[in-house]
Each structure stands twice: as C-alpha cells, then as structure tokens.
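To start, the structure itself, in structure tokens.
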Amino acid sequence: MDFKSSEQPARTTGPRSEDALPETAAAAVKVVIVGGFGVGKTTLVGSVSEIRPLTTEETMTQAGVGIDDTSGIDGKTSTTVAMDFGRISINEELVLYLFGTPGQERFWFLWRGLFEGALGAVVLVDTRRLEVSFDVIGRLEERSVPFVVAVNSFPDAPEYPMEELRGALDLPESVPIVPCDARQRSSSRNVLVTLMRYLQGLAMAQEAS
Amino acid sequence: MSHPGGGDWEEASPERLYVITGGRSSTSAPVELDLVTLIVARSRPKPGMQPEHAAIIELCQSPLSVAEVSAYTGLPVSVVTVLLGDLLADNRVVARAPVPPARLPDRALIEAVIDGLQKL
Ligand SMILES: Nc1nc2c(ncn2[C@@H]2O[C@H](COP(=O)(O)OP(=O)(O)OP(=O)(O)O)[C@@H](O)[C@H]2O)c(=O)[nH]1
Ligand SMILES: [Mg+2]
C-alpha cells in the first residue's frame, strides 16, 4: 500500500500560543453535556471554555471499512457527526474538558469511551421537547453515569416549577435540577458547580460506606 | 462550529483517510487512548516523516488532548488514534493518561475542580 498522503500538505495550524497548556499539565478529566438538537450545548461549552470551542468529527463509515466495497467509498453511506468541546484549566496539573454531544444514543458509540471515565454529565433540557430527555436520562442511569439536569430557559418555552419538571422527567429526589441560561458564563459555571457538589456528595457517601 | 484555521483536510474523503492510516482501523498504541489523554512530543518533527505524523508532533510541543489533536488536524478521532499509536510505538510522543475511572468519584479531585471553577 502506497502512502500518497504527502500529496497534500499537513495542516499545522495549532492552538494560539496563549492557549497552550503548561508543561505541568499532568492529567485531564471530562464532563459530558448531553441534550437534544439546538438545546444550547455548544453555547454552554463556549460560555465557560478558556479556548474557543473546537469541533471534532467522526464518520459513521470508519476509515478503511468497506474499502473493497465501492458503495462505501462513495461516501453515500457515511454520515459525519460533530462534537464540540471546550477546556478549563483547573490548576497547573489538572485540565477539565467539556464535550457537548447530541442526545440520540445512536451517536454515542462514535465516541468510544466518551462516558467511560467521565466525572459526570449535564443533561441540558429544553422544556419544549421533554421527550428527548427521557431517553438520555434512561441511558445515563443504565450506564451509571452520575448527572444533573439543567433547564435552559428559552423565551417561548413553557415555564414549569422545577419540582413539576422533576415529576415530568421522573427524576429521583437526589438528582439536582437547576435552571440555566447557557449564554451566561456565571449561569453555566453554576451548572458545573452543581454537578461537582453532587459528585462530592456521592464521593462522601462512598467514603462513609 | 468551524475548524480553526480552516484547511485542506476538512473534506477528507474516506479514501484519503484510508491512505493516511495505511488502511488500518485499529491502533498499535501500547496504551489505551482516551479523548482526553494528553499527548506531548518528545522532540521536533524529523525530515521524511509522514506529514500527518509531523503535524501531530508539531502540535504537541506542549501538552494537547487527543480531542484537540483531532480538531486541529481536522482528522477523525479514529484516524488520529491510529497515527498516535505509531508515534507512541516509535517513542516520539508520550501519553499522559486521564484520571482512571476506578478513582471516580474521587473527593479530593472533585474538590480541586470546584476550586478551579470558582476562580473562573
Ligand atoms: N434564550 C436562550 N437561548 C439560548 C440559550 N442557550 C442557547 N441559546 C440559543 O439557542 C440556539 C442553539 O444553541 P446551541 O448552543 O447552538 O445549541 P446546540 O445544542 O449546540 O445545538 P446543536 O449542536 O445543533 O444540536 C442558539 O441560537 C443560542 O444562542 C439559553 O440559555 N437561553
Ligand atoms: Mg452544538
């Protein structure tokens, strides 16, 4: 097999120098923001990220698969799915990455290990389309991924008291549910802190047992 | 969302991705790579390297996650993982593994994250 890759120049545009992580960055953790289309995942990631959100893509037809099958090469059967992410340097050693991913489970497998090893997840809910959230919440529970629910406030969305939403989403008492405006950094940060406090509680309960 | 810098690889076709990886879809990486494994180059790119390998080494002069390498090169994570496997096997980069799942939820870790978020 010939390497023809030198025909095209490699792109070397990297992070801006001020976006480079310090040499001391030793380990990273991740949090997944999951929700339906247009619910504000990218907005939330962007409002707290220290870098401009980046996009990584994956195709449904994996590289190399179906190479002998011309229908696969046409790209007709391949779908590209994008995932946005941002970054927060927690301290000199620790980096937090936030990944925004669509609520439909059929996309999750593309990002092998996305939820595996994640600290937890934020389920972003649009009250105009609660159905999407049922599925997501069910899947996270199955995978034992700890999560909190954030309710994005769109102007034309019906307003429910949080406790009514808890009932509608069939959420256990223990799972925090918070209103949020993903466009505001302080509000988005509050969502993340809510998740962390929840995880802190889980960790303390584990220590105690 | 846009790719920063724009570039030649945005439209990378399945054939082209196949060429870049030499047709391999799994990795020879001695370690399991996560989206947030941090990659650091051990040296500068060497002349004669496959351009994609050289580009990754160039990018990883300071630590960078696998996800960022994918975003900046415009290559899918699956392809980047194969390329990183080569570079790891050749000792050209090192991988700093994420906090292992077995340690989660780790209270000290969570509390460090809370501290960091409060400084935002
Ligand atoms: N009023 C209001 N609008 C918001 C909020 N969050 C996001 N939006 C708007 O909703 C639209 C969609 O937001 P995105 O962040 O792109 O949503 P997304 O979930 O990333 O969308 P997809 O990636 O396409 O699924 C944008 O026009 C945002 O400005 C919010 O909290 N309140
Ligand atoms: Mg988005």
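In what follows, chains carry the letters A, B, and so on, assigned in the order in which the sequence lines appear, proteins first and then strands, with residues in each chain numbered from 1. Computed over heavy atoms, backbone and side chain alike; hydrogens, waters and symmetry mates excluded.
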Of P146(A), A28(A), P22(A), G117(A), the largest count of non-hydrogen pairs under 4.5 angstrom with chain B goes to A28(A)

At a heavy-atom separation under 4.5 Å, does L199(A) approach chain B through its side chain, its backbone, both, or neither?
both

Please flag which part of E50(A) lies under 4.5 Å from any non-hydrogen atom of chain B: side chain, backbone, both or neither.
neither

Please report the closest heavy-atom contact between L38(B) and A25(A), naming both atoms and the distance.
CD1-O, 3.8 Å

Exercise: do S78(B) and E58(A) side chains pair donor with acceptor under 3.5 Å:
yes

Okay, R197(A) and chain B: the region with an atom under 4.5 Å from a heavy atom over there is both

Only heavy atoms, only distances under 4.5 angstrom. Which residues in residues 110-120 of chain B are near chain A?
I110(B), E111(B), A112(B), V113(B), I114(B), G116(B), L117(B), Q118(B), L120(B)

When the 4.5 angstrom heavy-atom criterion is applied to A67(B) and chain A, the contacting part is both

Using heavy-atom distances under 4.5 Å, tell me whether A82(A) contacts chain B through its side chain, its backbone, both, or neither.
neither

Atom pair CZ/CG of R96(B) and L21(A) - distance to nearest 0.5 Å:
9.5 Å

Using non-hydrogen atoms and a 4.5 Å limit, figure out which bit of L195(A) sits close to chain B: side chain, backbone, both or neither.
neither

Where does Q206(A) contact chain B at under 4.5 Å (heavy atoms): side chain, backbone, both or neither?
side chain

Relative to chain B, which segment of L96(A) carries a heavy atom at a distance below 4.5 Å: side chain, backbone, both, or neither?
side chain

